[in-house]
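Worth saying up front: this structure is predicted, and the values here are computed from it rather than measured. Note on naming: letters A, B, ... go to the chains in the order of the sequence lines (proteins, then strands), and numbering restarts at 1 for each one.
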2 protein chains.
Amino acid sequence: MSDPTPGLNAEQLGAYFALMEVSSLLQYAVDEHLRADGDLSYVQFQILARLVDAPDGRLRMTDLADGVVYSRSGLTYQAGLLDRRGLITRAPSPDDERSVIVSVTDAGRELVARVLPGHVDRVRQLLFEPMKGRDLPVLSAVLGRVRDHMRANPPRSAKPRAGRGRAG
Amino acid sequence: MSDPTPGLNAEQLGAYFALMEVSSLLQYAVDEHLRADGDLSYVQFQILARLVDAPDGRLRMTDLADGVVYSRSGLTYQAGLLDRRGLITRAPSPDDERSVIVSVTDAGRELVARVLPGHVDRVRQLLFEPMKGRDLPVLSAVLGRVRDHMRANPPRSAKPRAGRGRAG
DNA sequence: GGTGCACGCTTTGAGTTCGAAGCAAGTAGA
DNA sequence: TCTACTTGCTTCGAACTCAAAGCGTGCACC
(Lines give C-alpha, C1' and ligand atoms only; values in the text may rest on other atoms or scores of the structure.)
Protein backbone atom coordinates (compact mmCIF):
# COMPACT_ATOMS: atom_id res chain seq x y z
CA MET A 1 0.00 0.00 0.00
CA SER A 2 2.58 2.48 1.09
CA ASP A 3 5.05 0.94 -1.28
CA PRO A 4 6.30 3.57 -3.69
CA THR A 5 6.50 1.14 -6.60
CA PRO A 6 3.11 0.85 -8.17
CA GLY A 7 3.82 -2.32 -10.09
CA LEU A 8 6.52 -4.85 -10.62
CA ASN A 9 9.83 -4.22 -12.26
CA ALA A 10 10.97 -6.17 -15.25
CA GLU A 11 12.93 -8.69 -13.24
CA GLN A 12 10.02 -9.41 -10.92
CA LEU A 13 7.64 -9.76 -13.81
CA GLY A 14 10.01 -12.15 -15.53
CA ALA A 15 10.41 -14.23 -12.39
CA TYR A 16 6.64 -14.38 -11.96
CA PHE A 17 6.06 -15.55 -15.52
CA ALA A 18 8.93 -18.01 -15.35
CA LEU A 19 7.60 -19.46 -12.11
CA MET A 20 4.16 -20.04 -13.55
CA GLU A 21 5.45 -21.48 -16.78
CA VAL A 22 7.94 -23.77 -15.09
CA SER A 23 5.43 -25.16 -12.65
CA SER A 24 2.86 -25.58 -15.38
CA LEU A 25 5.20 -27.41 -17.70
CA LEU A 26 6.53 -29.52 -14.86
CA GLN A 27 3.10 -30.55 -13.74
CA TYR A 28 2.06 -31.30 -17.29
CA ALA A 29 5.12 -33.43 -17.94
CA VAL A 30 4.84 -35.30 -14.68
CA ASP A 31 1.13 -35.86 -15.14
CA GLU A 32 1.71 -37.22 -18.59
CA HIS A 33 4.31 -39.65 -17.31
CA LEU A 34 2.14 -40.85 -14.45
CA ARG A 35 -0.76 -41.52 -16.77
CA ALA A 36 1.38 -43.43 -19.20
CA ASP A 37 3.22 -45.38 -16.55
CA GLY A 38 0.55 -46.10 -13.98
CA ASP A 39 -2.73 -44.70 -15.30
CA LEU A 40 -2.67 -42.15 -12.50
CA SER A 41 -3.38 -38.44 -12.58
CA TYR A 42 -1.09 -36.12 -10.68
CA VAL A 43 -3.74 -35.63 -8.02
CA GLN A 44 -4.23 -39.36 -7.62
CA PHE A 45 -0.52 -39.87 -7.29
CA GLN A 46 -0.31 -37.17 -4.64
CA ILE A 47 -3.06 -38.84 -2.68
CA LEU A 48 -1.38 -42.23 -2.81
CA ALA A 49 2.03 -40.77 -2.03
CA ARG A 50 0.69 -39.00 1.03
CA LEU A 51 -0.89 -42.18 2.26
CA VAL A 52 2.23 -44.23 1.72
CA ASP A 53 4.14 -41.60 3.65
CA ALA A 54 1.64 -41.50 6.52
CA PRO A 55 2.00 -43.67 9.64
CA ASP A 56 0.19 -46.98 9.04
CA GLY A 57 -0.77 -45.70 5.60
CA ARG A 58 -3.94 -44.14 6.97
CA LEU A 59 -5.34 -40.60 6.91
CA ARG A 60 -8.65 -38.90 7.39
CA MET A 61 -10.22 -37.47 4.26
CA THR A 62 -9.87 -33.92 5.53
CA ASP A 63 -6.19 -34.28 6.33
CA LEU A 64 -5.67 -35.87 2.98
CA ALA A 65 -7.33 -33.01 1.16
CA ASP A 66 -5.09 -30.24 2.44
CA GLY A 67 -2.63 -29.23 -0.22
CA VAL A 68 -3.94 -31.61 -2.84
CA VAL A 69 -7.29 -30.15 -3.86
CA TYR A 70 -9.18 -27.04 -2.95
CA SER A 71 -12.48 -28.75 -2.36
CA ARG A 72 -13.61 -31.73 -0.35
CA SER A 73 -15.82 -32.91 -3.14
CA GLY A 74 -12.87 -33.20 -5.46
CA LEU A 75 -11.21 -35.53 -3.02
CA THR A 76 -14.35 -37.61 -2.67
CA TYR A 77 -14.42 -38.03 -6.41
CA GLN A 78 -10.79 -39.07 -6.67
CA ALA A 79 -11.03 -41.35 -3.66
CA GLY A 80 -13.96 -43.04 -5.35
CA LEU A 81 -11.84 -43.75 -8.41
CA LEU A 82 -8.93 -45.05 -6.36
CA ASP A 83 -11.25 -47.15 -4.24
CA ARG A 84 -12.82 -48.72 -7.31
CA ARG A 85 -9.37 -49.65 -8.56
CA GLY A 86 -8.50 -51.29 -5.25
CA LEU A 87 -5.67 -48.89 -4.52
CA ILE A 88 -7.22 -47.54 -1.33
CA THR A 89 -9.97 -48.52 1.09
CA ARG A 90 -12.33 -46.30 3.01
CA ALA A 91 -13.85 -47.02 6.40
CA PRO A 92 -15.59 -44.94 9.02
CA SER A 93 -13.35 -43.90 11.85
CA PRO A 94 -13.94 -45.73 15.13
CA ASP A 95 -13.24 -42.51 17.02
CA ASP A 96 -15.57 -40.29 15.06
CA GLU A 97 -18.37 -41.84 13.11
CA ARG A 98 -18.44 -38.85 10.75
CA SER A 99 -14.86 -39.22 9.62
CA VAL A 100 -13.66 -41.52 6.89
CA ILE A 101 -10.28 -43.14 7.26
CA VAL A 102 -8.53 -43.78 3.99
CA SER A 103 -5.91 -46.53 3.83
CA VAL A 104 -3.54 -47.58 1.05
CA THR A 105 -3.81 -51.16 -0.01
CA ASP A 106 -0.86 -53.32 -0.94
CA ALA A 107 -1.75 -52.76 -4.57
CA GLY A 108 -1.61 -49.03 -3.96
CA ARG A 109 1.81 -49.29 -2.38
CA GLU A 110 3.06 -51.40 -5.21
CA LEU A 111 1.79 -48.96 -7.79
CA VAL A 112 3.47 -46.03 -6.07
CA ALA A 113 6.68 -47.99 -5.81
CA ARG A 114 6.45 -48.78 -9.48
CA VAL A 115 5.89 -45.25 -10.78
CA LEU A 116 7.96 -43.35 -8.22
CA PRO A 117 11.38 -43.88 -9.84
CA GLY A 118 10.19 -42.57 -13.17
CA HIS A 119 8.41 -39.70 -11.51
CA VAL A 120 11.46 -38.65 -9.57
CA ASP A 121 13.58 -39.10 -12.64
CA ARG A 122 11.34 -36.81 -14.63
CA VAL A 123 11.54 -34.13 -11.96
CA ARG A 124 15.27 -34.38 -11.79
CA GLN A 125 15.67 -34.17 -15.52
CA LEU A 126 13.38 -31.21 -15.95
CA LEU A 127 13.90 -29.23 -12.78
CA PHE A 128 17.25 -30.03 -11.24
CA GLU A 129 19.46 -30.88 -14.15
CA PRO A 130 19.52 -27.37 -15.59
CA MET A 131 20.10 -26.01 -12.09
CA LYS A 132 23.58 -25.94 -10.72
CA GLY A 133 23.95 -27.18 -7.19
CA ARG A 134 24.84 -23.79 -5.79
CA ASP A 135 21.44 -22.44 -6.74
CA LEU A 136 19.46 -25.09 -4.96
CA PRO A 137 19.94 -23.82 -1.40
CA VAL A 138 18.79 -20.34 -2.36
CA LEU A 139 15.84 -21.62 -4.34
CA SER A 140 14.87 -23.91 -1.54
CA ALA A 141 15.08 -21.17 1.05
CA VAL A 142 13.16 -18.63 -1.01
CA LEU A 143 10.36 -20.99 -1.94
CA GLY A 144 10.10 -22.17 1.62
CA ARG A 145 9.79 -18.64 2.88
CA VAL A 146 7.22 -17.75 0.24
CA ARG A 147 5.23 -20.87 0.99
CA ASP A 148 5.12 -20.11 4.68
CA HIS A 149 4.03 -16.59 3.92
CA MET A 150 1.25 -17.84 1.67
CA ARG A 151 0.07 -20.34 4.22
CA ALA A 152 -0.11 -17.54 6.75
CA ASN A 153 -2.09 -15.36 4.34
CA PRO A 154 -4.41 -17.83 2.69
CA PRO A 155 -6.82 -16.90 -0.10
CA ARG A 156 -10.13 -15.61 1.16
CA SER A 157 -12.19 -18.68 0.48
CA ALA A 158 -9.59 -21.39 0.90
CA LYS A 159 -9.52 -22.26 4.52
CA PRO A 160 -12.05 -20.41 6.61
CA ARG A 161 -13.37 -23.44 8.44
CA ALA A 162 -15.76 -21.22 10.35
CA GLY A 163 -17.70 -19.24 7.78
CA ARG A 164 -19.05 -21.77 5.32
CA GLY A 165 -20.36 -19.35 2.77
CA ARG A 166 -18.32 -16.65 1.21
CA ALA A 167 -19.15 -13.17 2.30
CA GLY A 168 -19.54 -12.17 -1.28
CA MET B 1 19.87 -42.17 -16.72
CA SER B 2 23.62 -41.89 -16.54
CA ASP B 3 23.32 -39.93 -13.34
CA PRO B 4 24.63 -41.91 -10.41
CA THR B 5 22.02 -40.54 -7.97
CA PRO B 6 18.95 -42.71 -8.17
CA GLY B 7 16.53 -40.25 -6.58
CA LEU B 8 16.32 -36.81 -5.11
CA ASN B 9 17.83 -35.72 -1.85
CA ALA B 10 15.77 -34.11 0.89
CA GLU B 11 16.55 -30.57 -0.19
CA GLN B 12 15.59 -31.24 -3.78
CA LEU B 13 12.39 -32.92 -2.73
CA GLY B 14 11.52 -30.01 -0.50
CA ALA B 15 12.20 -27.51 -3.27
CA TYR B 16 10.04 -29.49 -5.67
CA PHE B 17 7.12 -29.63 -3.26
CA ALA B 18 7.53 -25.97 -2.35
CA LEU B 19 7.58 -24.97 -5.99
CA MET B 20 4.37 -26.80 -6.74
CA GLU B 21 2.61 -25.54 -3.66
CA VAL B 22 3.69 -21.94 -4.17
CA SER B 23 2.62 -21.84 -7.79
CA SER B 24 -0.64 -23.54 -6.98
CA LEU B 25 -1.50 -21.15 -4.18
CA LEU B 26 -0.40 -18.17 -6.22
CA GLN B 27 -2.51 -19.15 -9.18
CA TYR B 28 -5.48 -19.84 -6.95
CA ALA B 29 -5.18 -16.48 -5.22
CA VAL B 30 -4.70 -14.56 -8.44
CA ASP B 31 -7.54 -16.39 -10.13
CA GLU B 32 -9.82 -15.59 -7.25
CA HIS B 33 -8.96 -11.91 -7.45
CA LEU B 34 -9.45 -11.73 -11.19
CA ARG B 35 -12.86 -13.34 -10.93
CA ALA B 36 -13.96 -11.01 -8.20
CA ASP B 37 -12.54 -7.91 -9.82
CA GLY B 38 -13.22 -8.47 -13.51
CA ASP B 39 -15.12 -11.74 -13.84
CA LEU B 40 -12.12 -13.21 -15.61
CA SER B 41 -10.43 -16.55 -15.17
CA TYR B 42 -6.66 -16.67 -15.07
CA VAL B 43 -6.58 -18.14 -18.55
CA GLN B 44 -8.85 -15.44 -19.90
CA PHE B 45 -6.69 -12.78 -18.33
CA GLN B 46 -3.59 -14.30 -19.87
CA ILE B 47 -5.21 -14.27 -23.28
CA LEU B 48 -6.21 -10.64 -22.98
CA ALA B 49 -2.87 -9.63 -21.56
CA ARG B 50 -1.03 -11.25 -24.42
CA LEU B 51 -3.21 -9.48 -26.92
CA VAL B 52 -2.77 -6.12 -25.26
CA ASP B 53 0.96 -6.70 -25.34
CA ALA B 54 1.00 -7.72 -29.00
CA PRO B 55 1.58 -5.24 -31.83
CA ASP B 56 -1.77 -3.83 -32.94
CA GLY B 57 -3.40 -6.02 -30.33
CA ARG B 58 -3.74 -8.87 -32.81
CA LEU B 59 -2.57 -12.48 -32.78
CA ARG B 60 -3.38 -15.69 -34.58
CA MET B 61 -5.14 -18.33 -32.52
CA THR B 62 -2.16 -20.65 -32.66
CA ASP B 63 0.30 -18.04 -31.48
CA LEU B 64 -2.10 -17.07 -28.75
CA ALA B 65 -2.37 -20.63 -27.50
CA ASP B 66 1.31 -21.14 -26.77
CA GLY B 67 1.97 -20.99 -23.07
CA VAL B 68 -1.64 -20.41 -22.12
CA VAL B 69 -3.34 -23.72 -22.74
CA TYR B 70 -2.17 -27.11 -23.88
CA SER B 71 -4.88 -27.67 -26.43
CA ARG B 72 -6.25 -25.68 -29.30
CA SER B 73 -9.77 -26.59 -28.36
CA GLY B 74 -9.36 -25.02 -24.97
CA LEU B 75 -8.44 -21.76 -26.59
CA THR B 76 -11.38 -21.95 -28.95
CA TYR B 77 -13.66 -22.35 -25.97
CA GLN B 78 -12.21 -19.41 -24.06
CA ALA B 79 -12.08 -17.23 -27.14
CA GLY B 80 -15.77 -17.94 -27.62
CA LEU B 81 -16.49 -16.68 -24.12
CA LEU B 82 -14.39 -13.55 -24.55
CA ASP B 83 -15.93 -12.90 -27.94
CA ARG B 84 -19.43 -13.16 -26.53
CA ARG B 85 -18.52 -10.59 -23.90
CA GLY B 86 -17.19 -8.21 -26.51
CA LEU B 87 -13.64 -8.28 -25.17
CA ILE B 88 -12.13 -9.67 -28.34
CA THR B 89 -13.13 -10.09 -31.97
CA ARG B 90 -12.27 -12.87 -34.36
CA ALA B 91 -11.85 -12.60 -38.10
CA PRO B 92 -10.32 -14.81 -40.77
CA SER B 93 -6.85 -13.76 -41.76
CA PRO B 94 -6.56 -12.08 -45.16
CA ASP B 95 -3.24 -13.84 -45.71
CA ASP B 96 -4.40 -17.32 -44.87
CA GLU B 97 -8.06 -18.12 -44.96
CA ARG B 98 -7.60 -20.92 -42.46
CA SER B 99 -6.20 -18.71 -39.74
CA VAL B 100 -8.26 -16.72 -37.30
CA ILE B 101 -6.93 -13.37 -36.19
CA VAL B 102 -7.95 -12.43 -32.67
CA SER B 103 -8.02 -8.75 -31.71
CA VAL B 104 -8.64 -7.03 -28.40
CA THR B 105 -11.45 -4.57 -28.38
CA ASP B 106 -11.40 -1.30 -26.48
CA ALA B 107 -13.54 -2.93 -23.85
CA GLY B 108 -10.95 -5.65 -23.53
CA ARG B 109 -8.17 -3.15 -23.12
CA GLU B 110 -10.15 -1.26 -20.52
CA LEU B 111 -10.85 -4.38 -18.57
CA VAL B 112 -7.19 -5.39 -18.52
CA ALA B 113 -6.22 -1.90 -17.44
CA ARG B 114 -8.79 -2.08 -14.69
CA VAL B 115 -7.78 -5.42 -13.20
CA LEU B 116 -4.05 -5.20 -13.81
CA PRO B 117 -3.12 -3.07 -10.79
CA GLY B 118 -4.87 -5.39 -8.40
CA HIS B 119 -3.41 -8.40 -10.09
CA VAL B 120 0.11 -7.08 -9.88
CA ASP B 121 -0.50 -6.04 -6.32
CA ARG B 122 -1.59 -9.54 -5.39
CA VAL B 123 1.52 -11.04 -6.93
CA ARG B 124 3.75 -8.59 -5.15
CA GLN B 125 2.11 -9.23 -1.81
CA LEU B 126 2.21 -12.98 -2.07
CA LEU B 127 5.37 -13.66 -4.00
CA PHE B 128 7.77 -10.77 -3.65
CA GLU B 129 7.05 -9.34 -0.25
CA PRO B 130 8.35 -12.37 1.68
CA MET B 131 11.36 -12.41 -0.61
CA LYS B 132 14.16 -10.08 0.13
CA GLY B 133 15.58 -8.31 -2.87
CA ARG B 134 18.87 -10.16 -2.74
CA ASP B 135 17.13 -13.43 -3.56
CA LEU B 136 15.34 -12.17 -6.64
CA PRO B 137 18.29 -12.23 -9.06
CA VAL B 138 19.11 -15.82 -8.21
CA LEU B 139 15.49 -16.92 -8.41
CA SER B 140 15.05 -15.14 -11.67
CA ALA B 141 18.16 -16.68 -13.16
CA VAL B 142 17.36 -20.19 -11.98
CA LEU B 143 13.78 -20.15 -13.17
CA GLY B 144 14.81 -18.68 -16.48
CA ARG B 145 17.35 -21.39 -17.01
CA VAL B 146 14.91 -24.11 -16.04
CA ARG B 147 12.25 -22.67 -18.31
CA ASP B 148 14.58 -22.60 -21.27
CA HIS B 149 15.59 -26.17 -20.56
CA MET B 150 11.95 -27.25 -20.42
CA ARG B 151 11.11 -25.48 -23.64
CA ALA B 152 14.00 -27.28 -25.28
CA ASN B 153 12.79 -30.65 -23.94
CA PRO B 154 9.04 -30.39 -24.28
CA PRO B 155 6.62 -33.06 -23.09
CA ARG B 156 6.02 -35.79 -25.61
CA SER B 157 2.56 -34.82 -26.68
CA ALA B 158 2.73 -31.07 -26.25
CA LYS B 159 4.52 -30.12 -29.40
CA PRO B 160 3.83 -32.61 -32.14
CA ARG B 161 4.08 -29.75 -34.60
CA ALA B 162 7.24 -28.30 -35.94
CA GLY B 163 9.34 -25.91 -33.94
CA ARG B 164 7.34 -23.38 -32.08
CA GLY B 165 9.97 -21.42 -30.25
CA ARG B 166 7.95 -18.49 -29.27
CA ALA B 167 10.11 -15.54 -28.38
CA GLY B 168 9.14 -12.88 -25.96
C1' DG C 1 -32.49 -36.00 28.08
C1' DG C 2 -33.27 -32.28 24.50
C1' DT C 3 -32.07 -28.44 21.21
C1' DG C 4 -29.15 -26.03 18.12
C1' DC C 5 -25.06 -25.47 15.90
C1' DA C 6 -20.61 -27.19 13.98
C1' DC C 7 -18.23 -30.73 11.59
C1' DG C 8 -17.14 -34.45 7.91
C1' DC C 9 -18.31 -36.27 3.94
C1' DT C 10 -21.15 -37.08 -0.32
C1' DT C 11 -24.22 -35.70 -4.02
C1' DT C 12 -25.36 -32.55 -7.53
C1' DG C 13 -24.92 -29.06 -11.23
C1' DA C 14 -22.22 -25.86 -13.76
C1' DG C 15 -18.07 -24.84 -15.84
C1' DT C 16 -13.43 -25.94 -17.80
C1' DT C 17 -9.88 -28.79 -19.89
C1' DC C 18 -8.02 -32.16 -22.91
C1' DG C 19 -7.52 -35.37 -26.96
C1' DA C 20 -9.61 -37.25 -31.00
C1' DA C 21 -12.19 -36.59 -34.91
C1' DG C 22 -13.86 -33.59 -38.42
C1' DC C 23 -13.83 -29.80 -41.78
C1' DA C 24 -11.92 -26.22 -44.64
C1' DA C 25 -7.91 -24.06 -46.70
C1' DG C 26 -3.14 -24.21 -48.26
C1' DT C 27 0.94 -26.76 -50.48
C1' DA C 28 3.80 -29.99 -53.04
C1' DG C 29 4.36 -33.30 -56.61
C1' DA C 30 2.77 -35.71 -60.73
C1' DT D 1 -5.36 -30.09 -63.11
C1' DC D 2 -5.65 -33.82 -59.82
C1' DT D 3 -4.23 -36.04 -55.69
C1' DA D 4 -2.33 -36.54 -51.21
C1' DC D 5 -0.53 -34.42 -47.36
C1' DT D 6 -0.23 -30.60 -44.06
C1' DT D 7 -2.01 -26.87 -41.35
C1' DG D 8 -5.55 -24.08 -38.50
C1' DC D 9 -9.43 -24.19 -36.17
C1' DT D 10 -13.86 -26.11 -34.34
C1' DT D 11 -16.93 -29.75 -32.64
C1' DC D 12 -17.58 -33.53 -29.70
C1' DG D 13 -17.27 -36.69 -25.75
C1' DA D 14 -15.06 -37.83 -21.50
C1' DA D 15 -12.80 -36.49 -17.37
C1' DC D 16 -12.07 -33.43 -13.74
C1' DT D 17 -12.79 -29.38 -10.42
C1' DC D 18 -15.29 -26.39 -7.62
C1' DA D 19 -19.15 -24.44 -4.78
C1' DA D 20 -23.61 -25.25 -3.00
C1' DA D 21 -26.83 -28.20 -1.07
C1' DG D 22 -27.87 -32.36 1.53
C1' DC D 23 -27.33 -35.88 5.19
C1' DG D 24 -25.74 -37.87 9.24
C1' DT D 25 -22.83 -37.46 13.43
C1' DG D 26 -20.71 -35.01 17.45
C1' DC D 27 -20.62 -31.38 20.88
C1' DA D 28 -22.14 -27.40 23.95
C1' DC D 29 -25.40 -25.73 26.60
C1' DC D 30 -29.55 -25.81 28.91
Inset, instruction - For the pair B:Arg35 and B:Asp31, find out whether any cationic side-chain nitrogen is under 4.0 Å from an anionic carboxylate oxygen. - result: yes

Inset, instruction - Would you please confirm or rule out a distance under 4.0 Å between OP1 or OP2 of C:dC18 and any side-chain N or O of B:Tyr70? - result: no

Legend entry - Nucleotide of C:dC18, D:dC16, C:dT11 approaching A:Gln44 most closely (side-chain heavy atoms): D:dC16

Legend entry - Side-chain-base donor-acceptor pair under 3.5 Å for B:Ser99 and C:dA25: no

Legend entry - Pair A:Gln27-B:Met20, side-chain contact (heavy atoms from CB on, under 4.5 Å): steps then yes or no: CA-CA 8 Å; A:Gln27 176 158 0; B:Met20 298 312 273; 3.5 Å; yes

Inset, instruction - Report the distance from atom CG of B:Leu40 to atom C1' of C:dT16, rounded to the nearest whole Å. - result: 15 Å

Legend entry - N/O (side chain, A:Arg72) to phosphate O (OP1/OP2, C:dT10) under 4.0 Å: no

Inset, instruction - Could you tell me the separation between the OH atom of A:Tyr77 and the P atom of D:dA20, rounded to a whole number of Å? - result: 21 Å

Legend entry - Integer-rounded Å distance: D:dT10 P and B:Leu82 CG: 13 Å

Inset, instruction - May I ask whether A:Leu81 and A:Tyr70 are part of the same hydrophobic cluster, defined by side-chain heavy atoms of I, L, V, M, F, W, Y residues being less than 4.5 angstrom apart, directly or through others? - result: no

Inset, instruction - Looking at every strand, decide which applies to B:Leu81 at a 4.0 Å heavy-atom threshold: base, sugar-phosphate, or nothing. - result: sugar-phosphate

Legend entry - Spacing between B:Gln46 atom CD and C:dT16 atom C1', to the nearest angstrom: 14 Å

Inset, instruction - Find which nucleotide of DNA chain C each of B:Val43 and A:Gly74 is nearest to by heavy atoms, and output the residue with the more 5' nucleotide. - result: A:Gly74

Legend entry - Whole angstrom value for the distance that separates C1' of C:dA25 from CZ of B:Arg60: 13 Å

Inset, instruction - Can you label the angle between the B:Tyr16 ring and the A:His119 ring as parallel, tilted or perpendicular, going by 30° and 60°? - result: tilted

Legend entry - Rounded distance (Å) that lies between atom P of C:dT17 and atom CG of A:Asp31: 15 Å

Legend entry - Smallest separation among heavy atoms of A:Arg58 and A:Leu51, with atom names: C-CD2, 4.3 Å

Inset, instruction - Output yes when at least one side-chain N/O atom of B:Gln78 is less than 4.0 Å from OP1 or OP2 of C:dT17, else no. - result: yes

Quick one: which protein N/O atoms are closer than 3.5 Å to N/O atoms of nucleotides 24-26 of chain D? Pair and distance per line, please.
from	atom 1	to	atom 2	distance (Å)
D:dG26	OP1	A:Glu97	N	3.0

Legend entry - Nucleotide nearest B:Met61 when distance is taken to its side chain, options D:dA19, C:dT11, D:dC9: D:dC9

Inset, instruction - Starting from the C-alpha separation in whole Å, work towards a yes-or-no answer on side-chain contact (heavy atoms from CB on, under 4.5 Å) for A:Leu87 and A:Val104. - result: CA-CA 6 Å; A:Leu87 302 173; A:Val104 222; over 6 Å; no

Legend entry - Candidates D:dC16, C:dT11, C:dC18 - which lies nearest the side chain of A:Arg35: D:dC16

Inset, instruction - Please answer: with hydrophobic residues joined when any side-chain heavy atoms are less than 4.5 Å apart, are B:Tyr77 and B:Val102 in the same cluster? - result: no

Inset, instruction - Please check the phosphate of C:dT17 (OP1 and OP2 only) for any side-chain N or O of A:Tyr28 closer than 4.0 Å. - result: no

Legend entry - Integer-rounded Å distance: D:dA19 C1' and A:Leu75 CG: 15 Å

Legend entry - Bend angle of the helix from C:dG1-D:dC30 to C:dA30-D:dT1, from helix axes over five pairs at each end, nearest 10°: 20°

Legend entry - salt_bridge(A:Asp63, A:Arg60) N-O dist < 4.0 Å: yes

Legend entry - Whole angstrom value for the distance that separates P of D:dT17 from CD1 of A:Ile47: 8 Å

Inset, instruction - Examine A:Val52 and A:Ile101 and state if one hydrophobic cluster contains both, with Ile, Leu, Val, Met, Phe, Trp and Tyr joined whenever side-chain heavy atoms are less than 4.5 Å apart. - result: no

Legend entry - Any donor-acceptor N/O pair under 3.5 Å between C:dG8 base and A:Thr62 side chain: no

Inset, instruction - Salt-bridge test for B:Lys132 and B:Asp135: reply yes if a basic N is under 4.0 Å from a carboxylate O, no otherwise. - result: no

